[in-house]
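Following: one structure in structure tokens, then a few remarks.
These values consider heavy atoms only, across backbone and side chains, with no hydrogens, waters or symmetry-generated copies. Note that this is a predicted model, so its numbers are computed, not measured. Every chain is numbered from 1 and lettered A, B, ... according to where its sequence line falls, protein lines coming before strand lines.
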There are 2 protein chains.
Amino acid sequence: MSQPATDPKRRPRGAMRQRILDVALQLFIDQGYEATSLREIAERLDVSKAALYYHFEQKAEILIALHLRLHEVGLHVAKRLDDLDTGADPVKAWLSLLDEFIENLKANRDLLLLHQRNMQAIRQIVSEAHENQAEHEEMEERIRRVLSDPRIPLRTRVRMGCALGAVIGTLLDIDSMFAGVSIDELAVLVREAARDLLA
Amino acid sequence: MSQPATDPKRRPRGAMRQRILDVALQLFIDQGYEATSLREIAERLDVSKAALYYHFEQKAEILIALHLRLHEVGLHVAKRLDDLDTGADPVKAWLSLLDEFIENLKANRDLLLLHQRNMQAIRQIVSEAHENQAEHEEMEERIRRVLSDPRIPLRTRVRMGCALGAVIGTLLDIDSMFAGVSIDELAVLVREAARDLLA
DNA sequence: GTCTATATTTCGATAGAC
DNA sequence: GTCTATCGAAATATAGAC
């Protein structure tokens with residue numbers, strides 16, 4: 001009903017939309033969302049500013065679209081959070097959450113970088129967009145809840161947080177930290193360190 | 001010669017300047033540098049926009065002043081980095097660097113938050129201000145150099161990075177992670193975890 | 001779908017009185 | 001040191017032709 005009535009096999013559907021998102025993602029990571037103008041995005045794509053408005057009603061929608069991409073990717077990690085809520089050994093569950101997270105990070109480092117470097121803008125825009133629906137609870141929120149769960153000893157919770165911090169700190173900004181080392185090689189070592197932390 | 005000719009004992013010297021910096025710091029942390037207008041800062045201080053320009057020639061100077069504050073604070077940590085360069089046991093040196101860092105973080109969490117959340121803006125503005133002088137090498141740069149030093153086994157370097165990530169990840173955004181736990185209590189546990197990581 | 005205008009708003013910054 | 005008033009630039013967004 002709501003799908004466009006064109007042949008679904010005719011592929012370049014929304015191709016321009018994707019190109020916009022790709023360029024915006026790079027610029028938002030490098031300069032930040034607020035510091036990036038639609039003019040810049042349009043110039044890189046060699047189209048006019050107005051062309052962008054055919055694909056997105058507002059600038060904020062570009063950021064939201066990218067944020068949603070990350071959200072889909074994060075669903076697997078969220079599943080592991082459910083395990084944590086439903087009993088089971090929290091340390092074990094956390095370790096497999098970290099594994100899932102590392103895989104996600106390897107495959108979508110740019111989206112996570114976007115999130116890390118534009119949290120303020122994303123928070124503000126998303127909260128305005130959903131108004132008060134509360135709809136999907138943010139993964140961060142759920143992580144915070146686990147780390148505040150009094151049923152888990154504080155010492156353990158802190159180490160869970162440390163392990164997560166270690167993963168993010170070493171694998172996300174890899175280029176500026178361990179330039180030249182492959183991410184896979186790093187991931188193995190970090191995973192091992194996280195395990196030691198929670199042993 | 002260049003000092004103002006007023007009585008140096010008459011204290012509220014630059015009091016307004018400090019109030020501006022304090023308000024700006026809070027807003028830059030909450031909303032980001034680019035998303036914060038001088039109008040907002042002026043409103044919070046209940047002065048006019050133009051008043052701000054008596055104390056700072058440009059908006060960017062406010063950010064630079066805050067960045068310099070952080071720089072002074074970071075000098076102690078930088079000393080520990082020297083130890084790392086001049087031989088000695090890198091693991092031991094790293095641990096005492098982390099201790100110094102944790103103390104700094106406890107005393108100046110807001111400045112570090114500012115830095116973490118406005119890296120892009122700071123980088124761009126600072127690089128424009130110093131043009132090509134290269135003057136003071138940024139601490140991050142020095143940390144990266146240590147973590148790339150081939151004389152230290154990769155496994156050790158990764159763990160050094162993990163330990164730093166653990167400290168930052170758990171102690172910097174403390175309010176959103178371990179709400180309700182005192183930072184001192186947390187710091188003890190994180191310090192211990194870092195030591196285990198590098199054991 | 002993309003273009004050339006243009007409207008509208010807001011921002012950083014300045015001039016000059018007090 | 002602070003104000004009012006204003007400037008010029010740049011940003012988001014829209015109108016309407018093609």
What's the CD1-P distance between B/Ile62 and C/dG12, to the nearest Å?
9 Å

Between CZ of B/Arg17 and C1' of D/dT2 the distance, given in whole Å, is 17 Å

Should B/Tyr53 be listed as having a side-chain N or O under 4.0 Å from OP1 or OP2 of C/dA13?
yes

Does this structure show an ion pair linking B/Glu192 with A/Arg155, if we count only N-O contacts that are shorter than 4.0 Å?
yes

Euclidean distance, atom CG of residue A/Leu38 to atom P of D/dT14 [Å, nearest integer]
12 Å

Rounded to whole Å, CZ of B/Phe56 lies from P of C/dT14 at a distance of 15 Å

Within one Ile-Leu-Val-Met-Phe-Trp-Tyr cluster: B/Leu198 and B/Leu147, side-chain cutoff 4.5 Å
yes

Given atom NZ of A/Lys59 and atom P of C/dT10, what is their separation to the nearest angstrom?
15 Å

Under 4.0 Å between a side-chain N or O of A/Arg39 and OP1 or OP2 of D/dA11?
yes

Rounding to a whole Å, what distance do you find between A/Glu34:CD and D/dA11:P?
13 Å

Using the six-membered ring of B/Tyr53, assess whether NZ or CZ of B/Lys59 lies under 6.0 Å from its centre and within 45 degrees of the ring axis.
no

If you pin B/Asp46 and A/Thr36 to their nearest nucleotides in DNA chain D, which one's is more 5'?
B/Asp46

Would you name the heavy atoms of B/Leu38 and B/Ile62 that are closest together and state the gap between them?
CD2-CD1, 4.1 Å

Selection from C/dT14, C/dC3, D/dA13 that lies nearest to any side-chain heavy atom of B/Ala50
C/dT14

Among the candidates C/dA13, D/dT12, D/dT2, find the nucleotide nearest to the side-chain atoms of B/Lys49.
C/dA13

N or O in side chain of A/Gln58 less than 4.0 angstrom from D/dA13 OP1/OP2
yes

When you measure from the side chain of B/Asp110 to the backbone N and O of B/Leu25, does any donor-acceptor pair fall under 3.5 Å?
no

Distance in angstrom units between B/Ile20 CD1 and D/dT2 P, rounded
8 Å

Distance, rounded to the nearest Å, where A/Glu61 contributes CD and D/dT12 contributes P
14 Å

Just N and O in the side chain of A/Ser37: are any of them under 4.0 Å from OP1 or OP2 of D/dA11?
yes

Regarding the side chain of A/Ser48, the nearest nucleotide among C/dT2, C/dT14, D/dT2 is C/dT2

